Amino acid sequence: MDEENGDSEEGVLLRQHRKEKKDLQAKIQSMKTSVPKNDKKRRKQLAEDISRMESELDERHKLELAALSQQQSVQTELSSITNDIHDLDLGSEVSVHQPRVSKAQKRREKKASMEKERDERIAEAEVENLSGARHLESQKLALILSERQLQIRQIPSDGHCMYRAIEQQLKERENSLTLTSLRHQTADYMRSHADDFLPFLTNSTTGEMYTPEEFEKYCTEIANTPAWGGQLELRALSHILQTPIEVVQAEASPIVIGEEYSSKPITVVYMRHAYGLGEHYNSVEPLNVTPAD
(Lines give C-alpha, C1' and ligand atoms only; values in the text may rest on other atoms or scores of the structure.)
Protein backbone atom coordinates (compact mmCIF):
# COMPACT_ATOMS: atom_id res chain seq x y z
CA MET A 1 0.00 0.00 0.00
CA ASP A 2 1.30 3.47 -0.94
CA GLU A 3 2.29 5.44 2.13
CA GLU A 4 0.19 8.45 1.08
CA ASN A 5 -2.89 6.23 0.81
CA GLY A 6 -2.07 4.12 3.84
CA ASP A 7 -3.08 4.39 7.46
CA SER A 8 0.22 5.92 8.61
CA GLU A 9 0.25 9.29 10.30
CA GLU A 10 1.77 10.85 7.19
CA GLY A 11 -0.87 9.25 4.97
CA VAL A 12 -3.66 10.61 7.14
CA LEU A 13 -2.11 14.08 7.10
CA LEU A 14 -1.69 14.09 3.33
CA ARG A 15 -5.31 13.07 2.80
CA GLN A 16 -6.32 15.94 5.07
CA HIS A 17 -4.17 18.33 3.06
CA ARG A 18 -5.76 17.23 -0.21
CA LYS A 19 -9.22 17.79 1.25
CA GLU A 20 -8.26 21.25 2.53
CA LYS A 21 -6.88 22.21 -0.89
CA LYS A 22 -10.07 20.97 -2.53
CA ASP A 23 -12.19 22.94 -0.06
CA LEU A 24 -10.08 26.04 -0.67
CA GLN A 25 -10.52 25.76 -4.44
CA ALA A 26 -14.28 25.48 -3.95
CA LYS A 27 -14.23 28.58 -1.77
CA ILE A 28 -12.10 30.47 -4.29
CA GLN A 29 -14.48 29.56 -7.08
CA SER A 30 -17.39 30.86 -5.02
CA MET A 31 -15.51 34.08 -4.31
CA LYS A 32 -14.81 34.60 -8.02
CA THR A 33 -18.44 34.26 -8.96
CA SER A 34 -19.47 36.78 -6.33
CA VAL A 35 -17.40 39.61 -7.85
CA PRO A 36 -18.47 41.16 -11.16
CA LYS A 37 -15.94 40.83 -13.98
CA ASN A 38 -16.15 44.54 -14.78
CA ASP A 39 -15.25 45.56 -11.20
CA LYS A 40 -11.52 45.77 -11.73
CA LYS A 41 -10.74 47.08 -8.26
CA ARG A 42 -12.54 44.27 -6.45
CA ARG A 43 -11.16 41.68 -8.92
CA LYS A 44 -7.63 42.87 -8.17
CA GLN A 45 -8.26 42.59 -4.43
CA LEU A 46 -9.80 39.16 -4.96
CA ALA A 47 -6.71 37.95 -6.79
CA GLU A 48 -4.47 39.13 -3.94
CA ASP A 49 -6.73 37.43 -1.37
CA ILE A 50 -6.73 34.16 -3.33
CA SER A 51 -2.91 34.21 -3.65
CA ARG A 52 -2.55 34.89 0.07
CA MET A 53 -4.97 32.11 1.01
CA GLU A 54 -3.23 29.58 -1.24
CA SER A 55 0.20 30.65 0.06
CA GLU A 56 -0.90 30.41 3.70
CA LEU A 57 -2.43 26.97 3.17
CA ASP A 58 0.66 25.73 1.36
CA GLU A 59 2.94 27.10 4.11
CA ARG A 60 0.80 25.51 6.84
CA HIS A 61 0.91 22.15 5.07
CA LYS A 62 4.71 22.33 4.85
CA LEU A 63 4.98 23.14 8.56
CA GLU A 64 2.66 20.29 9.52
CA LEU A 65 4.64 17.81 7.41
CA ALA A 66 7.90 19.07 8.91
CA ALA A 67 6.51 18.77 12.44
CA LEU A 68 5.34 15.23 11.75
CA SER A 69 8.73 14.31 10.31
CA GLN A 70 10.49 15.72 13.37
CA GLN A 71 8.13 13.87 15.68
CA GLN A 72 8.79 10.60 13.88
CA SER A 73 12.56 11.24 14.03
CA VAL A 74 12.37 11.82 17.78
CA GLN A 75 10.34 8.66 18.24
CA THR A 76 12.88 6.68 16.22
CA GLU A 77 15.76 8.10 18.25
CA LEU A 78 13.97 7.35 21.52
CA SER A 79 13.33 3.82 20.34
CA SER A 80 16.99 3.42 19.42
CA ILE A 81 18.11 4.74 22.81
CA THR A 82 15.69 2.37 24.54
CA ASN A 83 17.10 -0.56 22.57
CA ASP A 84 20.66 0.53 23.34
CA ILE A 85 19.85 0.72 27.05
CA HIS A 86 18.25 -2.70 26.85
CA ASP A 87 21.31 -4.10 25.06
CA LEU A 88 23.58 -2.39 27.57
CA ASP A 89 21.67 -3.98 30.42
CA LEU A 90 22.02 -7.36 28.78
CA GLY A 91 25.68 -6.68 28.10
CA SER A 92 26.22 -5.75 31.73
CA GLU A 93 24.62 -8.98 32.84
CA VAL A 94 26.79 -10.96 30.46
CA SER A 95 29.92 -9.07 31.45
CA VAL A 96 29.44 -10.17 35.02
CA HIS A 97 30.02 -13.70 33.85
CA GLN A 98 32.28 -12.94 30.88
CA PRO A 99 34.80 -10.22 31.74
CA ARG A 100 36.90 -8.68 29.03
CA VAL A 101 39.61 -11.08 27.94
CA SER A 102 43.16 -9.77 28.19
CA LYS A 103 45.77 -10.27 25.46
CA ALA A 104 47.69 -12.63 27.72
CA GLN A 105 44.56 -14.71 28.27
CA LYS A 106 43.92 -14.76 24.52
CA ARG A 107 47.46 -16.05 23.97
CA ARG A 108 46.94 -18.74 26.59
CA GLU A 109 43.65 -19.74 25.02
CA LYS A 110 45.24 -19.86 21.56
CA LYS A 111 48.04 -22.06 22.89
CA ALA A 112 45.53 -24.36 24.59
CA SER A 113 43.52 -24.52 21.36
CA MET A 114 46.62 -25.47 19.36
CA GLU A 115 47.53 -28.17 21.87
CA LYS A 116 43.97 -29.50 21.80
CA GLU A 117 44.05 -29.57 17.99
CA ARG A 118 47.31 -31.49 18.07
CA ASP A 119 45.88 -34.02 20.53
CA GLU A 120 42.90 -34.47 18.21
CA ARG A 121 45.24 -35.07 15.28
CA ILE A 122 47.06 -37.70 17.30
CA ALA A 123 43.76 -39.40 18.09
CA GLU A 124 42.79 -39.28 14.41
CA ALA A 125 46.12 -40.84 13.47
CA GLU A 126 45.42 -43.68 15.88
CA VAL A 127 42.00 -44.22 14.35
CA GLU A 128 43.45 -44.24 10.85
CA ASN A 129 45.26 -47.48 11.66
CA LEU A 130 48.73 -46.00 11.85
CA SER A 131 49.12 -48.25 14.88
CA GLY A 132 50.22 -51.05 12.53
CA ALA A 133 53.52 -49.36 11.70
CA ARG A 134 53.85 -48.17 15.28
CA HIS A 135 53.32 -51.66 16.65
CA LEU A 136 56.00 -53.11 14.40
CA GLU A 137 58.44 -50.36 15.35
CA SER A 138 57.67 -50.80 19.06
CA GLN A 139 58.32 -54.55 18.83
CA LYS A 140 61.73 -54.01 17.23
CA LEU A 141 62.68 -51.38 19.82
CA ALA A 142 61.50 -53.57 22.67
CA LEU A 143 63.75 -56.40 21.41
CA ILE A 144 66.75 -54.07 21.01
CA LEU A 145 66.31 -52.59 24.50
CA SER A 146 65.55 -55.92 26.21
CA GLU A 147 68.96 -57.20 25.13
CA ARG A 148 70.35 -54.35 27.22
CA GLN A 149 67.91 -54.96 30.10
CA LEU A 150 66.05 -51.76 29.24
CA GLN A 151 62.54 -50.82 28.23
CA ILE A 152 60.78 -47.73 26.88
CA ARG A 153 59.60 -45.10 29.33
CA GLN A 154 56.78 -43.21 27.66
CA ILE A 155 57.10 -39.45 27.29
CA PRO A 156 54.11 -37.25 26.32
CA SER A 157 54.03 -36.15 22.68
CA ASP A 158 53.66 -32.42 23.28
CA GLY A 159 56.56 -30.96 21.33
CA HIS A 160 58.82 -31.13 24.40
CA CYS A 161 59.39 -34.92 24.18
CA MET A 162 63.13 -34.84 23.48
CA TYR A 163 63.82 -32.40 26.29
CA ARG A 164 61.50 -34.26 28.66
CA ALA A 165 63.27 -37.56 27.90
CA ILE A 166 66.63 -35.99 28.77
CA GLU A 167 65.15 -34.28 31.83
CA GLN A 168 63.91 -37.66 33.08
CA GLN A 169 67.33 -39.24 32.52
CA LEU A 170 68.99 -36.40 34.43
CA LYS A 171 66.63 -36.85 37.38
CA GLU A 172 67.84 -40.43 37.66
CA ARG A 173 71.31 -38.97 38.05
CA GLU A 174 70.10 -36.43 40.62
CA ASN A 175 70.61 -33.57 38.20
CA SER A 176 67.92 -30.93 38.74
CA LEU A 177 67.99 -29.29 35.29
CA THR A 178 64.43 -28.70 34.14
CA LEU A 179 62.79 -28.74 30.75
CA THR A 180 62.71 -24.94 30.68
CA SER A 181 66.36 -24.68 31.62
CA LEU A 182 67.37 -27.27 29.00
CA ARG A 183 65.53 -25.35 26.30
CA HIS A 184 67.02 -21.98 27.22
CA GLN A 185 70.54 -23.36 27.54
CA THR A 186 70.20 -25.10 24.18
CA ALA A 187 69.11 -21.86 22.51
CA ASP A 188 71.93 -19.88 24.15
CA TYR A 189 74.57 -22.46 23.20
CA MET A 190 73.45 -22.51 19.58
CA ARG A 191 73.46 -18.70 19.42
CA SER A 192 76.99 -18.56 20.76
CA HIS A 193 78.17 -21.29 18.34
CA ALA A 194 76.20 -20.23 15.29
CA ASP A 195 78.95 -21.31 12.84
CA ASP A 196 78.55 -24.91 14.05
CA PHE A 197 74.79 -24.98 13.44
CA LEU A 198 73.88 -22.50 10.67
CA PRO A 199 75.23 -24.69 7.79
CA PHE A 200 72.69 -27.36 8.71
CA LEU A 201 69.65 -25.07 8.74
CA THR A 202 68.01 -24.12 5.45
CA ASN A 203 64.86 -22.25 4.47
CA SER A 204 62.31 -24.81 3.30
CA THR A 205 61.03 -22.41 0.62
CA THR A 206 64.25 -21.11 -0.89
CA GLY A 207 66.64 -23.92 0.04
CA GLU A 208 69.13 -21.27 1.15
CA MET A 209 71.00 -21.34 4.44
CA TYR A 210 69.26 -19.48 7.26
CA THR A 211 69.92 -15.78 7.49
CA PRO A 212 71.02 -14.44 10.90
CA GLU A 213 67.46 -13.23 11.46
CA GLU A 214 65.98 -16.64 10.64
CA PHE A 215 68.53 -18.33 12.90
CA GLU A 216 67.66 -16.00 15.78
CA LYS A 217 63.97 -16.79 15.31
CA TYR A 218 64.81 -20.51 15.31
CA CYS A 219 66.69 -20.15 18.61
CA THR A 220 63.92 -18.07 20.14
CA GLU A 221 61.40 -20.80 19.28
CA ILE A 222 63.66 -23.41 20.90
CA ALA A 223 63.64 -21.39 24.13
CA ASN A 224 60.03 -20.27 24.25
CA THR A 225 57.81 -22.68 22.32
CA PRO A 226 57.12 -26.44 22.12
CA ALA A 227 59.27 -26.63 18.96
CA TRP A 228 60.40 -30.21 18.40
CA GLY A 229 64.07 -30.96 18.86
CA GLY A 230 66.38 -33.03 16.67
CA GLN A 231 70.02 -33.89 16.17
CA LEU A 232 71.20 -30.27 16.21
CA GLU A 233 69.61 -29.69 19.60
CA LEU A 234 70.97 -33.02 20.87
CA ARG A 235 74.45 -31.94 19.75
CA ALA A 236 74.09 -28.70 21.69
CA LEU A 237 72.81 -30.56 24.77
CA SER A 238 75.69 -33.05 24.70
CA HIS A 239 78.12 -30.11 24.89
CA ILE A 240 76.10 -28.36 27.58
CA LEU A 241 75.92 -31.51 29.72
CA GLN A 242 79.38 -32.73 28.58
CA THR A 243 77.76 -36.12 28.21
CA PRO A 244 77.26 -38.46 25.23
CA ILE A 245 73.66 -38.83 24.11
CA GLU A 246 72.74 -42.16 22.55
CA VAL A 247 69.75 -42.34 20.22
CA VAL A 248 68.28 -45.83 19.87
CA GLN A 249 66.15 -46.44 16.76
CA ALA A 250 64.39 -49.42 15.21
CA GLU A 251 65.66 -49.28 11.63
CA ALA A 252 69.33 -48.50 12.18
CA SER A 253 72.18 -48.78 14.64
CA PRO A 254 72.19 -46.43 17.64
CA ILE A 255 73.65 -42.98 17.04
CA VAL A 256 75.95 -41.55 19.69
CA ILE A 257 76.25 -37.77 19.80
CA GLY A 258 79.09 -36.29 21.85
CA GLU A 259 81.40 -39.31 21.74
CA GLU A 260 84.25 -37.07 22.86
CA TYR A 261 82.84 -37.11 26.39
CA SER A 262 83.63 -40.04 28.68
CA SER A 263 80.67 -39.97 31.08
CA LYS A 264 77.85 -42.51 30.97
CA PRO A 265 75.62 -41.77 27.95
CA ILE A 266 72.09 -40.52 28.24
CA THR A 267 69.89 -42.86 26.20
CA VAL A 268 66.77 -41.77 24.37
CA VAL A 269 64.59 -43.69 21.93
CA TYR A 270 63.74 -42.22 18.54
CA MET A 271 60.39 -43.39 17.13
CA ARG A 272 59.43 -42.58 13.57
CA HIS A 273 55.88 -43.99 13.74
CA ALA A 274 54.93 -43.25 17.32
CA TYR A 275 51.93 -41.07 16.49
CA GLY A 276 52.01 -40.56 12.76
CA LEU A 277 52.82 -36.87 13.24
CA GLY A 278 56.59 -36.94 12.83
CA GLU A 279 59.49 -37.92 15.06
CA HIS A 280 59.00 -38.61 18.74
CA TYR A 281 61.44 -39.29 21.55
CA ASN A 282 60.92 -41.53 24.56
CA SER A 283 63.16 -42.22 27.51
CA VAL A 284 64.35 -45.59 28.82
CA GLU A 285 64.39 -47.31 32.20
CA PRO A 286 65.51 -50.70 33.57
CA LEU A 287 63.45 -53.60 32.25
CA ASN A 288 60.23 -54.49 34.11
CA VAL A 289 60.31 -51.38 36.28
CA THR A 290 56.90 -49.78 36.82
CA PRO A 291 57.11 -46.14 35.70
CA ALA A 292 56.86 -43.54 38.43
CA ASP A 293 53.80 -41.23 38.45
Side-chain angles (χ1 to χ4, degrees), residues 114-170 172 179 182-183 186-187 190 196-197 199-205 207 210 218-219 221-222 225-241 243-259 264-289 291:
M114 292 173 65
E115 291 176 351
K116 180 181 178 182
E117 181 181 351
R118 188 170 185 280
D119 290 341
E120 289 173 353
R121 288 171 59 206
I122 290 172
E124 289 172 2
E126 296 287 343
V127 173
E128 290 171 2
N129 202 26
L130 289 172
S131 57
R134 184 190 69 178
H135 181 66
L136 182 61
E137 182 180 47
S138 295
Q139 282 187 321
K140 289 181 179 180
L141 286 168
L143 180 60
I144 292 170
L145 292 172
S146 66
E147 292 175 352
R148 301 167 59 175
Q149 296 300 302
L150 295 172
Q151 64 185 15
I152 289 176
R153 175 162 180 158
Q154 297 292 339
I155 298 295
S157 180
D158 58 3
H160 299 296
C161 58
M162 188 194 77
Y163 299 95
R164 290 193 191 281
I166 292 175
E167 179 187 38
Q168 187 273 323
Q169 293 277 305
L170 292 174
E172 297 296 325
L179 162 69
L182 289 171
R183 277 191 169 277
T186 299
M190 291 179 71
D196 295 333
F197 297 99
F200 301 98
L201 291 169
T202 57
N203 186 299
S204 59
T205 302
Y210 268 10
Y218 183 88
C219 293
E221 289 177 350
I222 289 174
T225 76
W228 290 4
Q231 288 198 32
L232 293 181
E233 289 77 17
L234 286 173
R235 168 64 63 182
L237 284 165
S238 72
H239 290 308
I240 293 165
L241 300 171
T243 302
I245 299 176
E246 180 186 30
V247 182
V248 177
Q249 49 193 335
E251 303 298 335
S253 300
I255 298 172
V256 179
I257 300 171
E259 289 182 286
K264 180 183 176 181
I266 290 173
T267 301
V268 296
V269 178
Y270 168 74
M271 302 185 72
R272 185 180 300 276
H273 304 293
Y275 295 100
L277 297 175
E279 64 182 21
H280 174 68
Y281 289 91
N282 279 317
S283 184
V284 297
E285 60 189 1
L287 191 62
N288 295 326
V289 170

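Numbering starts at 1 and runs along the sequence shown. Just so you know, these numbers come straight off a predicted model, no measurement behind them.
Shortest non-hydrogen contact noted between Phe197 and Leu232 is CE2-O, 3.4 Å. Heavy-atom minimum distance, Pro156 versus His280: O-CE1, 3.8 Å. Between Gly258 and Ser238, the closest heavy-atom pair is CA-OG, 3.9 Å. When all heavy atoms of Leu179 and Tyr163 are compared, the closest pair comes out as CD1-CB, 3.2 Å. Residues Arg183 and Pro226 come closest through the heavy atom pair NH2-C, 3.4 Å. When all heavy atoms of Thr225 and Glu221 are compared, the closest pair comes out as OG1-O, 2.7 Å.
Atoms CG and CD1, from Leu234 and Ile240 in turn, are 10.5 Å apart once rounded to the nearest 0.5 Å. For the atom pair CZ (Arg153) and CG (Leu150), the distance works out to 13.0 Å, reported to the nearest 0.5 Å. With rounding to the nearest 0.5 Å, the separation of CG in Leu287 from CG in Leu145 is 9.0 Å. Atom CH2 of Trp228 and atom OG of Ser157 lie 5.5 Å apart (nearest 0.5 Å). Atom CD1 of Ile245 and atom CD1 of Ile255 lie 12.0 Å apart (nearest 0.5 Å).
Arg164 contributes no side-chain N or O that, together with a main-chain N or O of Ser283, makes up a donor-acceptor pair within less than 3.5 Å. In this structure, the side chain of Gln169 engages the main chain of Val284 through a donor-acceptor pair within 3.5 Å. A donor-acceptor pair is defined here as one N or O able to donate and one able to accept, closer than 3.5 Å; such a pair exists between the side chain of Glu137 and the backbone of Arg272. A donor-acceptor pair under 3.5 Å links the side-chain atoms of Glu233 to the main chain of Gly230, judged by distance alone.
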Check the pair Leu182 / Leu170 against side chain to side chain contact (heavy atoms under 4.5 Å, CB included), numbers first and verdict last. CA-CA 11 Å; Leu182 289 171; Leu170 292 174; 4.1 Å; yes
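In this structure, Glu246 pairs ionically with Arg148, as a charged nitrogen and a carboxylate oxygen lie closer than 4.0 Å.
Here the side chains of Met190 and Tyr218 are in contact, with some heavy-atom distance below 4.5 Å. In this structure the side chain of Leu237 never reaches within 4.5 angstrom of the side chain of Ile257, judged on heavy atoms. Between Ile166 and Tyr281, the closest side-chain pair of non-hydrogen atoms is not below 4.5 Å. Between Met162 and Val268, the closest side-chain pair of non-hydrogen atoms is not below 4.5 Å.
No more than 12 heavy atoms of other residues, nucleotides or ligands lie within 6.0 Å of CD in Gln231, so this atom counts as exposed by the packing criterion.
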